[in-house]
**Q** 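Take this structure, written in structure tokens, and hold onto it; I'll ask about it next.
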Amino acid sequence: MAIHIEKMTSDVLAVNGDLPLTEAQIEKLVKIITKRIEESQKQNKQNREATTIRRSVIPPDGIEG
């Protein structure tokens with residue numbers, strides 16, 4: 001998945017003694033977020049495909065018991 005980021009800034013306020021993020025930390029965070037988005041999209045696609053398959057094999061009147 002391509003993500004286009006025009007400008008990435010690291011304006012992070014120091015709260016409770018926390019230090020601003022380094023460029024390496026920001027890059028790592030972006031990679032983690034991108035990976036999770038891709039995983040979520042993959043799972044959603046698999047769910048849609050499974051639903052499509054399921055609907056194609058169930059009779060329109062439902063399953064008789």
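As the structure is a computational prediction, the values presented were derived from the model and not from experiment. The figures here come from the full heavy-atom set of this structure, side chains too, leaving out hydrogens, waters and symmetry mates.
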**Q** The criterion is side chain to side chain contact (heavy atoms under 4.5 Å, CB included); which residues satisfy it with K31, sequence neighbours excluded?
**A**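 Partners of K31 under the side chain to side chain contact (heavy atoms under 4.5 Å, CB included) test: E27.
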
**Q** Determine whether a donor-acceptor pair (N or O, by modelled atom type, separation under 3.5 Å) exists between the side chain of S40 and the backbone of I37.
**A**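 Not confirmed, S40 side chain does not pair with I37 backbone.
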
**Q** Does any N or O in the side chain of T51 come within less than 3.5 Å of the main-chain N or O of N47, such that one atom is a donor and the other an acceptor?
**A**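 Yes; at least one donor-acceptor contact below 3.5 Å.
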
**Q** Could you give the distance from CD (E23) to NZ (K28), rounded to the nearest 0.5 Å?
**A**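 Nearest 0.5 Å value for the CD-NZ distance: 15.5 Å.
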
**Q** Return the CD1 to CG distance between I26 and L29, rounded to the nearest 0.5 Å.
**A**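 Going from the CD1 atom of I26 to the CG atom of L29 covers 8.0 Å.
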
**Q** Quick test of your reading of the model: are K45 and E49 salt-bridged, counting only N-O distances below 4.0 Å?
**A**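 Looking at E49 together with K45, the answer is yes, because their closest N to O distance falls below 4.0 Å.
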
**Q** Using modelled atom types and a 3.5 Å cut-off, is there a donor and acceptor pairing between side-chain atoms of Q25 and backbone atoms of T22?
**A**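 Here the side-chain-to-backbone pair exists.
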
